[in-house]
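Worksheet: one structure, shown below.
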Amino acid sequence: MSENSADRPTRLEVVLVKAGRTKIRYPAELLQDDGTRLAVRAPWAGAGVRDFGFVRFEPGDLFTEYYWRNRWYSVKEVRAADGTVKGWYCDITRPAVRTGGELVVEDLDLDLWRSADGTDVRRLDEDEFAGSGLTESDPEAASAAVAALDELEALARTGGFARLLT
């Protein structure tokens with residue numbers, strides 16, 4: 001079921017949930033929904049600049065975000081205001097759920113970064129994941145999350161994002 005429209009863009013609210021609470025909610029333009037994968041575009045939704053040390057997210061940055069209903073991650077291409085690709089930020093999540101005008105994604109703490117040139121691939125927040133208690137409370141989800149991170153890292157290191165996102 002494609003939701004593309006040449007007339008006017010469809011808007012969605014992306015809702016990122018973490019530990020049962022809404023972490024952030026922001027409007028996005030729906031680019032594609034084929035029933036399995038959704039693509040949206042949104043400007044940086046954070047307040048001000050977020051400097052990770054290896055990349056800065058800042059006002060003017062544009063995110064093209066890919067979500068799956070059958071995969072345990074999302075991939076976000078990050079571009080600077082001038083259109084230069086900064087890289088890809090990946091969240092390990094439960095599969096996305098779209099209900100009407102909302103796209104809800106549950107963050108499972110693990111993340112991955114891949115720089116635009118591919119020289120910097122790093123796993124993030126493994127300490128947060130370990131401290132989340134997910135391994136004890138939902139071992140199947142914890143196992144799926146770790147497998148998803150491993151899959152994304154392998155894709156990031158071998159240039160597989162192009163296949164994943166086209």
Side-chain angles (χ1 to χ4, degrees), residues 1-116 122-125 128-129 132 134 141 144-145 148-149 151-152 155-156 160-166:
M1 84 177 165
S2 179
E3 300 252 355
N4 294 326
S5 171
D7 299 327
R8 65 179 167 39
T10 300
R11 303 296 286 180
L12 285 179
E13 284 283 316
V14 177
V15 182
L16 186 62
V17 176
K18 188 170 182 177
R21 292 189 304 262
T22 298
K23 181 177 173 182
I24 190 168
R25 168 189 292 270
Y26 55 92
E29 176 187 351
L30 178 65
L31 302 175
Q32 184 219 12
D33 181 351
D34 66 10
T36 301
R37 187 185 79 176
L38 298 99
V40 302
R41 184 171 296 132
W44 164 240
V49 174
R50 176 121 188 241
D51 190 342
F52 290 94
F54 52 88
V55 66
R56 287 170 48 102
F57 296 161
E58 51 203 334
D61 286 354
L62 189 61
F63 287 65
T64 302
E65 306 175 0
Y66 300 88
Y67 299 91
W68 286 265
R69 291 179 172 97
N70 63 350
R71 296 185 186 186
W72 287 70
Y73 54 77
S74 63
V75 177
K76 300 167 183 169
E77 179 190 74
V78 184
R79 290 182 179 264
D82 67 3
T84 304
V85 176
K86 291 183 175 186
W88 292 267
Y89 195 91
C90 308
D91 287 314
I92 303 303
T93 66
R94 291 184 189 270
V97 176
R98 180 179 176 194
T99 306
E102 284 189 341
L103 178 61
V104 179
V105 185
E106 184 180 346
D107 185 347
L108 298 178
D109 292 313
L110 294 170
D111 301 297
L112 182 94
W113 169 255
R114 181 192 187 273
S115 62
R122 60 178 73 206
R123 296 165 78 110
L124 305 167
D125 302 329
E128 284 182 37
F129 178 75
S132 73
L134 189 65
L149 183 62
E151 177 185 345
L152 280 174
L155 287 168
F161 277 9
R163 292 187 311 275
L164 183 66
L165 303 179
T166 54

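One is the number of the first residue; the rest follow in order along the sequence.
Taking the side chain as every heavy atom from C-beta outward, Glu151 and Tyr73 approach each other to under 4.5 Å. You'll find the side chain of Glu106 reaches within 4.5 Å of the side chain of Leu108, heavy atoms only. With contacts defined as side-chain heavy-atom distances shorter than 4.5 Å, the pair Leu38/Leu103 qualifies. For the pair Leu110 and Asp125, the minimum side-chain heavy-atom distance is 4.5 Å or more. Proximity of Val14 to Val40: side-chain heavy atoms (C-beta onward) are separated by under 4.5 Å at one or more points. Side-chain contact check for Trp68 versus Pro95: every heavy-atom pair is 4.5 Å or farther apart. Within the 4.5 Å cutoff, the side chain of Trp72 has heavy atoms near those of the Arg94 side chain. The side-chain heavy atoms of Thr99 and Val104, taken from C-beta on, include no pair separated by under 4.5 Å.
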Stepwise salt bridge (Lys or Arg N to Asp or Glu O under 4.0 Å) check, Asp111 with Lys76: CA-CA 11 Å; Asp111 301 297; Lys76 300 167 183 169; over 6 Å; no
Steps toward side-chain contact (heavy atoms from CB on, under 4.5 Å) verdict (Glu29, Arg11): CA-CA 5 Å; Glu29 176 187 351; Arg11 303 296 286 180; 3.8 Å; yes
Audit row: Asp61, Arg56, salt bridge (Lys or Arg N to Asp or Glu O under 4.0 Å) steps and yes/no: CA-CA 9 Å; Asp61 286 354; Arg56 287 170 48 102; over 6 Å; no
Trace of the side-chain contact (heavy atoms from CB on, under 4.5 Å) decision for Thr64 with Leu31: CA-CA 9 Å; Thr64 302; Leu31 302 175; 4.0 Å; yes
Worked verdict on Tyr67 versus Thr93 for side-chain contact (heavy atoms from CB on, under 4.5 Å): CA-CA 9 Å; Tyr67 299 91; Thr93 66; 5.8 Å; no
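Nearest heavy atom pair, residue Asp107 against residue Asp109, reads OD1-N, 2.8 Å. The shortest non-hydrogen separation linking Cys90 to Leu152 is CB-CD1, 3.6 Å. Nearest heavy atom pair, residue Pro59 against residue Val49, reads CD-CG2, 4.1 Å.
In this structure, the separation between CG on Leu155 and CZ on Arg114 is 10.0 Å, given to the nearest 0.5 Å. Note that CG of Leu164 and CZ of Arg37 are 7.5 Å apart. Values are rounded to the nearest 0.5 Å. The CZ atom of Arg41 sits 10.5 Å away from atom CD of Glu65, with the distance rounded to the nearest 0.5 Å. Interatomic distance, CG of Leu62 versus CG of Asp82, reported as 11.5 Å (0.5 Å rounding). The distance from atom CG of Leu16 to atom OG1 of Thr22, rounded to the nearest 0.5 Å, is 8.5 Å.
Using a distance-only test at 3.5 Å, with no hydrogens or angles considered, no donor-acceptor pair links the side chain of Arg71 to the main chain of Thr36.
In this pair, Phe63 and Phe57 present their aromatic rings perpendicular. The plane angle is above 60°, beyond the 30 to 60° band. Ring geometry for Phe161 against Trp88 counts as perpendicular: the plane angle is over 60°, on a 0 to 90° scale with 30° as the lower cut.
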